[in-house]
Amino acid sequence: MPTRKPVNPNLERLDRVVADARKAREERDQGYRGRALKLYPWICGRCAREFDHTNVHELTVHHKDHNHDHNPLDGSNWELLCLYCHDNEHQRQLDTRPLTPGSDRIEGATHAPFADLAALLKRDD
Ligand SMILES: [Zn+2]
Ligand SMILES: [Zn+2]
């Protein structure tokens with residue numbers, strides 16, 4: 001009676017599945033980056049730095065909705081950013097605090113104009 005070793009084929013298959021998934025992910029990442037680079041001029045969307053073949057690896061694809069799995073083929077979710085601006089962009093998202101509604105506007109609209117007006121009126125003496 002031959003002994004069977006069902007474990008090894010399964011492991012091999014699992015390995016292949018993992019490898020395939022990793023490859024597919026890499027290809028997908030390469031895919032949207034390559035596509036974005038074809039779609040858009042090689043210019044950072046923030047600082048307008050221009051790129052060419054020698055430094056294009058510093059140009060990254062930012063996902064506007066921050067969902068890396070959201071890759072519409074028309075590129076509407078992509079923005080080309082240099083490494084620095086890309087960092088800043090994500091930093092900015094983290095720093096965003098909800099504004100107190102109206103507080104800034106009231107200060108800007110009332111205090112400053114009245115201060116100017118007072119200064120103008122005082123100039124008469
Ligand atoms: Zn930049
Ligand atoms: Zn990003």
Side-chain angles (χ1 to χ4, degrees):
M1 194 170 171
T3 52
R4 302 209 305 157
K5 291 184 182 174
V7 172
N8 282 343
N10 281 346
L11 271 182
E12 267 173 37
R13 198 180 306 151
L14 185 64
D15 277 354
R16 200 175 319 132
V17 167
V18 170
D20 282 353
R22 192 177 301 144
K23 191 154 164 270
R25 189 191 164 85
E26 278 166 12
E27 276 171 6
R28 187 202 62 183
D29 288 359
Q30 286 305 308
Y32 74 64
R33 184 166 191 273
R35 193 172 170 87
L37 289 176
K38 264 182 219 155
L39 214 57
Y40 293 112
W42 293 4
I43 297 172
C44 173
R46 289 289 179 282
C47 68
R49 183 177 160 198
E50 291 182 34
F51 291 81
D52 57 32
H53 283 98
T54 65
N55 58 3
V56 71
H57 59 273
E58 290 177 31
L59 191 60
T60 59
V61 179
H62 171 60
H63 290 76
K64 290 180 183 177
D65 68 356
H66 290 236
N67 179 1
H68 286 213
D69 292 318
H70 183 209
N71 293 298
L73 289 180
D74 64 357
S76 56
N77 193 36
W78 302 330
E79 192 172 23
L80 293 181
L81 298 177
C82 75
L83 288 175
Y84 308 101
C85 293
H86 200 167
D87 260 12
N88 285 340
E89 181 66 22
H90 284 254
Q91 206 57 44
R92 204 164 59 83
Q93 292 292 329
L94 294 175
D95 285 348
T96 304
R97 285 160 298 184
L99 287 169
T100 314
S103 63
D104 281 351
R105 199 171 308 148
I106 288 164
E107 281 218 59
T110 58
H111 289 196
F114 281 132
D116 285 349
L117 189 61
L120 283 174
L121 290 171
K122 273 181 191 164
R123 229 173 256 174
D124 272 339
D125 61 8

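Read the numbers this way: they start at 1 and go in the same order the structure lists the ligands and their atoms. Every heavy atom of this structure was used, including side-chain atoms; hydrogens, water molecules and symmetry mates were not.
Draw a line from the Zn ion (ligand 1) to SG of Cys47 and another to SG of Cys44, and the angle between them is 110° (to 10°).
Excluding waters, the set of protein N/O/S atoms under 2.8 Å from the Zn ion (ligand 2) reads His62 ND1, His86 NE2, His90 NE2.
For the residue pair Asn71 / His63, a side-chain donor-acceptor distance below 3.5 Å is found, with atom types taken as modelled.
Residue pairs satisfying the salt bridge (Lys or Arg N to Asp or Glu O under 4.0 Å) criterion with at least one member in residues 57-66, sequence neighbours excluded, are listed as follows: Arg49-Glu58.
In this view, His66 and His62, His90 satisfy the ring-ring contact (aromatic ring centres under 6.0 Å, His included) rule, not counting sequence neighbours.
Between Leu80 and Thr60 there is no side-chain heavy-atom pair separated by less than 4.5 Å.
Heavy atoms of other residues, nucleotides or ligands lying less than 6.0 angstrom from NE2 of His57 number more than 12.
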Scan the side chains in residues 38-45 for donor-acceptor partners under 3.5 Å anywhere in the protein, sequence neighbours excluded, and list what turns up.
| unit_1 | atom_1 | unit_2 | atom_2 | d |
| --- | --- | --- | --- | --- |
| Tyr40 | OH | Gly75 | O | 2.6 |
| Trp42 | NE1 | Leu37 | O | 2.8 |

